[in-house]
Chemist: 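The structure under discussion is supplied below as structure tokens; questions concerning it will follow.
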Amino acid sequence: MDYDKALDSAIQRLHDEGRYRTFIDIERRKGQFPHAVWRKPDGTEKDITVWCGNDYLGMGQHPAVLSAMHEALDATGAGSGGTRNISGTTLYHRRLEAEIADLHAKEAALVFSSAYVANDATLSTLPKLFPGLIIYSDALNHASMIEGVRRNGGAKRIFRHNDVAHLRELIAADDPAAPKLIAFESIYSMDGDFGPIREICDLAEEVGALTYLDEVHAVGMYGPRGAGVAERDGQMARVDIINATLGKAFGVFGGYIAASAKMVDAIRSYAPGFIFTTSLPPVVAAGAAASIAFLKTAEGQALRDKQQLHAQILKMRLKGLGLPIIDHGTHIVPVHVGDPIHCKMLSDMLLDQFGIYVQPINFPTVPRGTERLRFTPSPVHESSQIDAVVKAMDRLWQHCALNRAEVSA
Ligand SMILES: Cc1ncc(COP(=O)(O)O)c(C=O)c1O
């Protein structure tokens, strides 16, 4: 085989479809986020404002987080030096898991390298623990859940997105005695819509199924202590396994599950994605624990309130310009473009001409034809920066509409 030729043609296919991904080299500056510097391929620099990050609350530069990390770095050094089983469990890991268990009012928690790994490792391990398990998975679940369900060798059913009636039909067609688990998200990050947590928990109770909820885009952001949408809606105790990340609103890195002590003990003991990998550096565990602790407080609530306000303002103003905003009442602001080439063009022009960085979102992250720009306002975006986005989008949207009209004429 001509391996080079095969690689060339695989890459070319992406260029032809307009969805070849270009990484932008940005340098975040502590204390200045969402300001950053873009290092261009020609070696020059440009000041930019980041509008597509998932450090939703700016915790990646928060003094409480940074000082915990400095302390841990000075006390322990760089890495953990082992898997959790072989010398890689430290007091920092223990404290982090206790902080997470307390956040979700569960008996225990288990930290993984990322929420991707936590989803994949947990969902692919559950059929080993519950032979004959059928997993019912929402059609728009994140790739990490899809991978975990796909790889586990057990039975799976995909229910239409957020369609509890369809879920009920699928369950009714299966053996009532079979063990069952329903896997879904509290916030679907690309459309920014909520999952029907209460209705799914009701159904799960009725049919004796376990529930598995990904709160990756909700932790830190919703609920009086930042535990997520299930906390906000009084449903947290009804969810058997909660999954989330330490890398988005908590601003650090890593992922976890929170559940009963028995469930956590079993996953800890059987999941290869947990067992056979180096544990998080203690410094990361320390920063994440500090961030969670901070976001449980009234000061954390003030950040959540400001973030929601900024999201509402941005949505209202973009809607006022007549832009197609997908608005389901969450903190995410997606602008539907519907074409990969136009989406990339808009993103490039925002960056080049206005210093506004919002990465185009293309297939396979979203279905073809639903390409979009996904803005993520934070409490640290200032009014002047919101003004700048609104003005730039107004100018560029008109330009692109003219351009499209000319192309189709
Ligand atoms: C819904 C959902 N689950 C899980 C993940 C993985 O999170 P992490 O970045 O911690 O791997 C993501 C990442 O974007 C996500 O959107």
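In listed order, ligands and their atoms are each counted from 1.
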Chemist: Hey, which atoms in ligand 1 end up nearer than 4.0 Å to a heavy atom of T245?
Modeler: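 Once the distances to T245 are compared, the set is 8 (P), 10 (O).
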
Chemist: Just checking, is any N or O donor in the side chain of R21 or T365 under 3.5 Å from an acceptor N or O on the other one?
Modeler: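 Yes, because at least one side-chain N or O of R21 sits under 3.5 Å from a partner of the opposite role on T365.
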
Chemist: Determine, for R28 against D55, whether the closest basic-nitrogen to carboxylate-oxygen distance falls under 4.0 angstrom.
Modeler: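 Salt bridge: yes.
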
Chemist: Looking only at heavy atoms, what is the nearest atom pair of L213 and E185, with distance?
Modeler: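 Taking every non-hydrogen atom into account, CD1-C, 3.5 Å.
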
Chemist: Could you tell me whether N119 approaches ligand 1 through its side chain, its backbone, both or neither, with non-hydrogen atoms closer than 4.0 Å?
Modeler: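 The answer is the side chain of N119.
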
Chemist: Is V216 close to ligand 1, meaning an N/O of one under 3.5 Å from an N/O of the other?
Modeler: no

Chemist: Can you confirm whether the side chains of D8 and Q12 place a donor and an acceptor under 3.5 Å from each other?
Modeler: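 No.
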
Chemist: Would one find an N or O of H217, backbone or side chain, under 3.5 Å from an N or O of ligand 1?
Modeler: yes

Chemist: Give yes or no for whether the N/O distance cutoff of 3.5 Å, strictly under, is met between K248 and ligand 1.
Modeler: yes

Chemist: Can you tell me if T44 and D42 form a side-chain donor-acceptor pair at under 3.5 Å?
Modeler: yes

Chemist: Judged by non-hydrogen atoms, does G247 sit under 4.0 Å from ligand 1?
Modeler: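 The answer is no, since G247 has no heavy atom less than 4.0 Å from ligand 1.
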
Chemist: Indicate yes or no: does an N/O atom of D214 lie under 3.5 Å from an N/O atom of ligand 1?
Modeler: yes

Chemist: Do N54 and H217 get their side chains close enough for a donor-acceptor pair, meaning under 3.5 Å?
Modeler: no

Chemist: Could you tell me which atoms of ligand 1, counted from 1 in the order shown, lie closer than 4.0 angstrom to a heavy atom of S144?
Modeler: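 Ligand 1 atoms under the 4.0 Å threshold to S144: 4 (C).
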
Chemist: For a quick check under 3.5 Å, do Y188 and H142 share a side-chain donor-acceptor pair by atom type?
Modeler: no

Chemist: Considering only heavy atoms of E185, which atoms of ligand 1 have at least one such atom less than 4.0 Å away?
Modeler: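 Close to E185: 1 (C).
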
Chemist: With a 4.0 Å heavy-atom cut-off (strictly under), which part of A115 contacts ligand 1: side chain, backbone, both or neither?
Modeler: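 Both the backbone and the side chain of A115 come within reach of ligand 1.
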
Chemist: Going by atom types alone, do E107 and S260 pair a side-chain donor with an acceptor below 3.5 Å?
Modeler: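 Per modelled atom types, E107 and S260 side chains form no pair under 3.5 Å.
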
Chemist: Out of M190, H142, E215, whose heavy atom sits nearest atom 2 (C) of ligand 1?
Modeler: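 Looking at heavy atoms only, H142 sits closest to atom 2 (C) of ligand 1.
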
Chemist: Where is the nearest protein heavy atom to atom 11 (O) of ligand 1: which residue, which atom, and how far?
Modeler: Y116 N, 2.9 Å

